[in-house]
A.B. asks: 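First, the structure itself, so that you have it in front of you.
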There are 2 protein chains.
Amino acid sequence: MRPFIGTYENKVDQKGRVSVPAKFRAVLQAEGYASIVVRPDPERGCIEGYGMDRLERLSDMTPDIVNLGDPNAAPAYQILAESEELTFDPNGRVLIPAWMLEAAGISDSAVFVGLGRVFQIWNPAAHATFRATQLRPAAQARGTGA
Amino acid sequence: MRPFIGTYENKVDQKGRVSVPAKFRAVLQAEGYASIVVRPDPERGCIEGYGMDRLERLSDMTPDIVNLGDPNAAPAYQILAESEELTFDPNGRVLIPAWMLEAAGISDSAVFVGLGRVFQIWNPAAHATFRATQLRPAAQARGTGA
DNA sequence: CGCTTTCCCATGAGATACCATGCCTCGTCC
DNA sequence: GGACGAGGCATGGTATCTCATGGGAAAGCG
């Protein structure tokens, strides 16, 4: 599978519609999917996106009889319960649910960040902060400025 | 098989009718079924739902004459015995038996939770409690606040 | 004959598809 | 090398359709 790469900032209109970057769409359509799957990422405060194949794999790994007493089952439960499949409209846009936009603090603009097998959707300001606090120190430790 | 994903809250009217989320119906109809199969889940206090294909798989695995002494047969026996098939009305609703609603504490509203191959139907308040007590601690253990 | 259950219709809200516009990028021609 | 032109992509608005939900009528059962 081709990786998701690059960073793009697109507008979010009042209905919650966003254009998925064409490069990302190309990756998914090469796999035969006309949708993205998204879920909130509470650890980082953004939205995580990927293809349906990733979710189907997770579903297949989860036993028929969900044993929620198993602590290992809780993360899978949460991912499946909180994921939503968003299909592209004819122009390549998706409608992100309002509650998910709120969870990520996204209002009128969103940043798509390719991370290989998955990608993220950020509030632009939050993403800038994340880069400054989480990524730049690591880069500086390696001796690179930015 | 496409997985059941996402969380939806729908109204239960005075007759016990509930709209099955359209996304869930689409999964079942892709399999050729116009119904859901439900059974009470006494361990968690909710209703468990799935497609008839799952029951057929269980039935195939179960011997003609159920040997109740076999501990492996007991879960399949119980699931088969307690399951009810609920067919969609023309609008995509099902009529949940009153006793099952009572067992799950559901009165005027129900939460559908997709879990891949199966889904759950909860009393909204009970589901909120379940998420707070069973899922959030797991997330906090990983270092996340919410 | 009354009651319960099932089917059908109507309505409003929300989501989806469609159409149109402008910008930016890339390719081509002069 | 610069200007022009074409195509793709992002974006905004509008129309259509699906879905969820409530009520009512008809049929089956006790």
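Numbers restart at 1 for each chain; the letters A, B, ... are given by sequence-line order, proteins then strands. Note that the structure is a prediction, hence the values are computed from the model and not measured.
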A.B. asks: I need the NZ-P distance between B/Lys23 and C/dG14, as an integer number of Å.
C.D. replies: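 The distance from NZ of B/Lys23 to P of C/dG14 comes to 16 Å, rounded to the nearest Å.
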
A.B. asks: Provide, to the nearest angstrom, the distance between the CG atom belonging to B/Leu95 and the C1' atom belonging to C/dC8.
C.D. replies: 16 Å

A.B. asks: Answer yes or no: is there an ion pair linking A/Arg57 with A/Asp60, defined by an N-O contact shorter than 4.0 Å?
C.D. replies: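 A/Asp60 and A/Arg57: not salt-bridged.
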
A.B. asks: Once you round it to whole Å, what is the distance between P of C/dA15 and CG of A/Leu101?
C.D. replies: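 My rounded result for the distance is 12 Å.
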
A.B. asks: Quick one: does B/Val18's side chain get under 4.5 Å of B/Val20's, heavy atoms only?
C.D. replies: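 Of all side-chain heavy-atom pairs linking B/Val20 with B/Val18, none is under 4.5 Å.
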
A.B. asks: Between P on C/dA15 and CD1 on A/Ile96, what's the gap in Å once rounded to a whole number?
C.D. replies: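 Going from A/Ile96 (CD1) to C/dA15 (P), I get 13 Å.
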
A.B. asks: Which whole-number value in Å describes the distance from A/Tyr8 OH to D/dA10 P?
C.D. replies: 9 Å

A.B. asks: Checking all strands, does B/Val20 fall into the base, sugar-phosphate, or nothing category for heavy-atom contacts under 4.0 angstrom?
C.D. replies: sugar-phosphate

A.B. asks: Please enumerate all residues that pass side chain to side chain donor-acceptor pair (under 3.5 Å) together with B/Ser109, with sequence neighbours excluded.
C.D. replies: B/Glu9

A.B. asks: Atom CD of A/Glu84 to atom P of C/dG14: distance rounded to whole Å?
C.D. replies: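 Checked: the CD to P distance equals 16 Å.
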
A.B. asks: Exactly one of A/Leu55, A/Ile36, A/Leu28 should register a side-chain contact (heavy atoms from CB on, under 4.5 Å) with A/Tyr50. Which one does?
C.D. replies: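 In the set A/Leu55, A/Ile36, A/Leu28, the residue that makes a side-chain contact (heavy atoms from CB on, under 4.5 Å) with A/Tyr50 is A/Leu55.
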
A.B. asks: How does each nucleotide of nucleotides 11-16 of chain D score, in 5' to 3' order, for protein heavy atoms under 4.0 Å: base (B), sugar-phosphate only (S), or none (-)?
C.D. replies: BBBB--

A.B. asks: Could I get the full list of side chain to side chain contact (heavy atoms under 4.5 Å, CB included) partners for A/Lys15, not counting sequence neighbours?
C.D. replies: A/Asp13, A/Arg17, A/Leu95

A.B. asks: Could you tell me if the side chain of B/Ile121 sits less than 4.5 Å from the side chain of B/Ile106, heavy atoms only?
C.D. replies: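 Yes. Closest side-chain heavy atoms under 4.5 Å.
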
